[in-house]
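For the numbers below, each heavy atom of this structure counts, side chains included, while hydrogens, waters and symmetry mates do not. When a ligand or atom number is given, it counts from 1 through the structure's own listing order.
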Amino acid sequence: MRVHHVGYVVKDVAEAIAPFVLLGYRKCSEITRDEGRRVDICFMQHNGFCVELVSPWDESSVCWNVLKNGGVKPYHICYETDDYGTQSTELQSNGWVLVAPPMPAPAIENKQVAFFYHKDGGLIEIIDKGE
Ligand code: NI
């Protein structure tokens with residue numbers, strides 16, 4: 001699978017853009033509201049490397065606890081696959097637990113996105129390229 005982005009949980013996406021600009025990143029999306037996950041999202045890129053800034057709205061948001069417990073930090077790596085069905089089965093046969101089933105991601109052209117967790121591998125996100 002190809003790496004798509006590294007996701008950072010931040011307190012406020014709008015406030016987090018400037019420090020990344022200083023590091024050489026530029027915005028490659030507008031700030032998108034994801035109603036389902038209750039977060040704001042903005043993608044930024046530097047030399048082909050993509051980061052996703054994610055800020056939870058409140059305690060009902062998907063990564064509220066990540067921010068509350070660990071502060072601003074990278075918290076997932078996202079991969080994209082041409083064959084979600086096969087990949088999902090293989091991951092789950094090898095210790096990865098599906099923690100958030102596929103759901104459209106408004107910030108990624110409404111592609112289906114799922115999250116998996118492994119006790120020794122941490123949190124990953126998988127984009128179903130749907131091709
Ligand atoms: Ni992500």
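Open room surrounds CD on Glu90; 12 or fewer heavy atoms of other groups in view lie less than 6.0 Å from it.
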Exercise. Are Trp64 and Asp58 close enough, and set up right, to give a side chain to side chain donor-acceptor pair (under 3.5 Å), and what steps lead you there?
Worked result: CA-CA 7 Å; Trp64 176 262; Asp58 58 30; over 6 Å; no
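Inclusion of Cys78 in the first shell of the Ni ion (ligand 1) is not supported: no N, O or S atom falls under 2.8 Å. When distances to the Ni ion (ligand 1) are checked against a cut-off of 2.8 Å, His76 contributes an N, O or S atom below that limit.
The closest approach of His5 to the Ni ion (ligand 1), by N/O/S atoms, is made by NE2.
Draw a line from the Ni ion (ligand 1) to OE1 of Glu52 and another to OE1 of Glu125, and the angle between them is 170° (to 10°).
Taking 4.5 Å as the limit, some side-chain heavy atom of Arg37 sits within range of a side-chain heavy atom of Pro106.
Between Phe43 and His5, the ring planes are perpendicular. Angles over 60° get that label, and only those under 30° would be called parallel.
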